[in-house]
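See structure below.
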Amino acid sequence: MESSNQFLGTQPVGKLMGRYAVPCIISLLVGALYNIVDQIFIANASYLGSYGNAANTVVFPLTVAALAIAVMVGDGCCAFVSLCLGQGRQDTAKHSVGNAIEMSVAAGVVLTALYLLFQTPLIALFGGTVNEQTFACSQEYFFYITLGIPFYMFGQAMNPVIRADGNPAFAMGATLAGALVNIVLDPVFIFGLRWGMMGAAVATVLGQVLTAALSVWYILHMKTIRPGRRDFLPSRTVCVKTLGLGITSFLSQISLVAAMAAINNMLRQYGAVDPIFGQAQYAQIPMAVVGIVMKFFQIIISVVVGMAAGCIPIVGFNMGARHLDRVRALFTRLLLAEVAVGAVGFVLAEFCPRQLISIFGAANESSYYTDFALKAFRVYLCLIILACINKACFIFLQAMGKAVESTALSMIREVVFGVGFALLLPRFFGLDGVLYSMPVSDLLTFLVALVLIRQTYQELGKKEESV
């Protein structure tokens, strides 16, 4: 049977990139807004302030851990499905979707149980014990966010699967609908009902439930790869292939969790010996500030990852169909676009940090908060352009089916450099060393990525000649 996705091998790559990347970018931006919107409203609630901000920073890595598992299943399924459709193996593509649904549901239930069981140790692990007020806010926010984990993971896992079915617009709409619910309910619950951290979390969970419900509806009405009953039978081969192609997405996210654990604990440890932040009333400031910087970084990276992830169905199909000239052209366009996004992020971080921190309630905080925030933006994000290129390489290699190279590059950046420098540099530079860890990691990773970029172009060129 011929796939209805044949246009992926014939339409201009620039047009396809816009068609798939833009909805994917919006979906990821909207997904990022869940936590960011919570933090904006929390920061501007005078009865929560920097304590609530710090608590949001503490819980954020735990939602990223859930996202890591979800995108491993979803992106892996998307890549595998696209490769299968390019090769005309539609039955295998359907089987991958059925197994992906089962894996995302099972993972959501198991992770929720683990979070509830180990709530206090997890909060402590990510720096939530910096002072009593931060710990109390973290506990409240963590509990209610955890209840929505199964819905969050299912919606995030199905988003790339829906894109692989050829409907990126619906994938975007499902995520947008949930985020709008969160945006509307946050001020009602936080300012109107004064539910505090619970209100922010409940608004988020209700939005995630809506996204999951819309994803279920779409799965029942899929166009190209709607799974039948037999496609839900577990297949070790299909699951291994799916997870193998998605492992880079998983490592990219889960290593961020490890890096944030290291960063939060270094902020707590070296902040305690700082003459200002060693005081109890200011102890939460470094963690709250770095959390805000990471939220801005998340916005930029959502655009970067959205462009690259949006290309996965296009790359996978054309690799499967051996249209390698199209793959090379797409890679060039993607790298140029990522540089442009990184340049915008650089300008904002270096020249407009005061305006950025004002969004997160800086007017309600001390001058120590503002001064540290200005430094954090300018130092931590000074090489954000290289970070954008690195992320694009991770995902593009994954889409080409080069899971080993993609995984290796991701591990070098996120674990070896990301965690390693976050733990090492503060020993020499104190609190500022935490801020240096990001640019140093991205510079060294970029040098490795340059080698892989060159090899990829050479490989595509040789294969094209042999086709």
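Proximity of Phe151 to Thr211: side-chain heavy atoms (C-beta onward) are nowhere separated by under 4.5 Å. With a 4.5 Å cut-off on side-chain heavy atoms, Ile453 and Phe331 count as touching. Side-chain contact check for Met153 versus Ile69: some heavy-atom pair is nearer than 4.5 Å. You'll find the side chain of Asn182 reaches within 4.5 Å of the side chain of Asp38, heavy atoms only. In this structure, the side chains of Val290 and Leu435 come closer than 4.5 Å at one or more pairs of heavy atoms. Residues Phe60 and Gln298 form a side-chain contact, since some pair of their non-hydrogen atoms from C-beta on lies under 4.5 Å apart. In this structure, Cys393 and Leu409 have side chains that are in contact, with non-hydrogen atoms separated by less than 4.5 Å. Under the 4.5 Å side-chain criterion, counting only non-hydrogen atoms from C-beta, Met294 is in contact with Ile263.
Note: Leu62 CG to Phe126 CZ = 5.0 Å, rounded to the nearest 0.5 Å. Atom CD1 of Ile247 and atom CE of Met411 lie 9.0 Å apart (nearest 0.5 Å). Taking CD from Gln39 and CG from Asn44, the interatomic distance works out to 10.5 Å, rounded to the nearest 0.5 Å. Distance CD1/Ile145 to OG1/Thr112: 11.5 Å, rounded to 0.5 Å. The distance from the CZ atom of Phe296 to the CD1 atom of Ile36 is 10.0 Å, given to the nearest 0.5 Å. To the nearest 0.5 angstrom, Asn56 atom CG is 9.5 Å from Ile292 atom CD1.
Across all their heavy atoms, Met158 and Ser104 have their closest contact at CE-OG, 3.9 Å. Considering every non-hydrogen atom in both Val81 and Ala164, the closest pair reads CG1-CB, 4.0 Å. Minimum interatomic distance between Ala329 and Val13 (heavy atoms only, all atoms of both residues): CB-CG2, 4.2 Å. Scanning both residues, Ala373 and Val289, for their nearest heavy atoms gives CA-CG1, 3.4 Å. Here the closest heavy-atom approach between residue Leu210 and residue Gly178 is recorded as CD2-N, 4.2 Å. The nearest pair of heavy atoms linking Phe396 to Val315 is CE1-CG2, 3.6 Å.
Not one N or O on the side chain of Asp231 forms a donor-acceptor pair closer than 3.5 Å with the backbone of Gly98. Looking only at distances, a side-chain donor or acceptor of Ser406 sits under 3.5 Å from a matching main-chain atom of Phe394. Side-chain atoms of Thr445 never come within 3.5 Å of backbone atoms of Asp442 as a donor-acceptor pair (strictly under, hydrogens ignored). Listed for the Asp75 side chain is no donor-acceptor partner under 3.5 Å among the backbone atoms of Pro160. In terms of modelled atom types and a separation under 3.5 Å, the side chain of Asn53 and the main chain of Ile42 share no donor-acceptor contact. Listed for the Asp165 side chain is a donor-acceptor partner under 3.5 Å among the backbone atoms of Lys223. Between the side chain of Glu140 and the backbone N or O of Met198, at least one donor-acceptor pair lies under 3.5 Å. Using modelled atom types, no side-chain atom of Tyr141 and backbone atom of Gly199 make a donor-acceptor pair closer than 3.5 Å. Panel note: side chain His95, backbone Leu233; a donor-acceptor pair is recorded below 3.5 Å. Using a distance-only test at 3.5 Å, with no hydrogens or angles considered, a donor-acceptor pair links the side chain of Asn265 to the main chain of Ala261.
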### Task
Take Met103 and Leu243 through the side-chain contact (heavy atoms from CB on, under 4.5 Å) test and state the conclusion after the steps.
CA-CA 10 Å; Met103 286 189 286; Leu243 297 178; 4.0 Å; yes
### Query
Step by step, would you call Gln90 with Cys84 a side-chain contact (heavy atoms from CB on, under 4.5 Å)?
CA-CA 6 Å; Gln90 194 168 30; Cys84 289; over 6 Å; no
### Message
Show, in sequence, the C-alpha distance, side-chain angles and deciding distance for Val97 and Cys77, and conclude whether the side-chain contact (heavy atoms from CB on, under 4.5 Å) test is met.
### Response
CA-CA 7 Å; Val97 172; Cys77 180; 4.0 Å; yes
### Query
So Phe154 and Ile101, side-chain contact (heavy atoms from CB on, under 4.5 Å) or not? Walk me through it.
CA-CA 8 Å; Phe154 183 80; Ile101 292 170; 4.1 Å; yes
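In Met222, the CE atom is crowded: over 12 heavy atoms of neighbouring residues, nucleotides or ligands sit closer than 6.0 Å. Crowding of Tyr144 atom OH: a count of heavy atoms from other residues, nucleotides or ligands under 6.0 Å not exceeding 12.
When ring centroids are compared, Phe170 and Trp217 come within the 6.0 Å threshold.
In this model, no donor atom of one side chain and acceptor atom of the other lie less than 3.5 Å apart for Asn264 and Arg268. Side-chain contact check for Asn159 and Ser215: no donor-acceptor pair (N or O, by modelled atom type) lies under 3.5 Å. Between the side chains of Ser96 and Thr242, at least one donor-acceptor pair of N or O atoms lies under 3.5 Å.
When Leu330, Val327, Leu83 are each tested for a side chain to side chain contact (heavy atoms under 4.5 Å, CB included) with Asn318, only one passes: Val327.
Under the 30°/60° scheme for interplanar angles, the aromatic rings of Phe41 and Phe191 are found to stand perpendicular.
Every residue two or more places apart in sequence or in another chain was checked for a salt bridge (charged side-chain N to carboxylate O under 4.0 Å, His left out) with Arg326, and none qualifies.
A cation-pi arrangement is absent between Lys94 and Phe232, since the terminal nitrogen or guanidinium carbon is not both under 6.0 Å from the aromatic centre and inside a 45° cone about the axis.
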